[in-house]
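Okay, structure first, notes after.
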Amino acid sequence: MVMQFGINMLVPILACTLFGAWLGEKVNVSWLAIPFFVMGALAGMRNVFLFARRIYQPKEHSKKEHSENEYRNIKEKEYSDVKKTQ
């Protein structure tokens, strides 16, 4: 799990930095990798936050999905009952 946190943080940073460096060479702007590095760091932090939230709050998601399924089943039953009476 620790490795996933690292991957979630490093991949966007490296990808954005390399893209910024490549784009900087194409348009002849040497400092273009810096803003792309910052964007990659922000994206990496967002990834880590979402990953951590998914790990530490699995019960709420299952409760929510369970209640949505119950609601859907009730609505389907009501709809089928209405269809039968018509």
Side-chain angles (χ1 to χ4, degrees):
M1 204 174 321
V2 173
M3 187 171 220
Q4 285 179 320
F5 278 107
I7 290 171
N8 281 335
M9 188 69 184
L10 291 177
V11 168
I13 292 173
L14 288 174
C16 286
T17 303
L18 291 175
F19 178 73
W22 174 80
L23 189 63
E25 286 181 12
K26 292 291 182 188
V27 296
N28 203 19
V29 178
S30 60
W31 54 267
L32 200 56
I34 296 169
F36 279 93
F37 173 83
V38 172
M39 286 184 351
L42 292 174
M45 285 188 273
R46 180 183 177 275
N47 287 344
V48 168
F49 173 75
L50 292 176
F51 183 67
R53 188 171 69 174
R54 186 175 39 205
I55 288 172
Y56 290 114
Q57 293 181 348
K59 293 179 183 177
E60 289 185 25
H61 292 294
S62 63
K63 285 181 185 176
K64 184 178 179 183
E65 289 172 5
H66 184 55
S67 63
E68 288 175 359
N69 288 336
E70 287 178 355
Y71 177 76
R72 188 178 310 119
N73 290 339
I74 291 169
K75 286 297 180 184
E76 288 174 357
K77 184 178 178 187
E78 289 175 357
Y79 180 73
S80 65
D81 290 344
V82 170
K83 281 286 236 185
K84 287 178 185 176
T85 59
Q86 292 177 353

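Counting from 1, the numbers follow the sequence of the chain as shown.
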Distance-only donor-acceptor pairs under 3.5 Å for side chains of residues 7-33, two or more places apart:
from	atom 1	to	atom 2	distance (Å)
N8	ND2	Q4	O	3.3
T17	OG1	I13	O	2.7

Check your understanding: L42 pairs by side chain to side chain contact (heavy atoms under 4.5 Å, CB included) with which of R46, M45, M39?
Key -> M45
Practice item. Give the other cluster members for F49, using side-chain heavy-atom distances under 4.5 Å between Ile, Leu, Val, Met, Phe, Trp and Tyr residues; answer none if it is isolated. Key: L50
**Study point:** Those residues that, when tested against F37, pass ring-ring contact (aromatic ring centres under 6.0 Å, His included) (two or more places apart)
**Key:** none
Review point. Is there a path from V48 to Y56 through hydrophobic residues (I, L, V, M, F, W, Y) whose side chains come within less than 4.5 Å of each other?
Key: yes
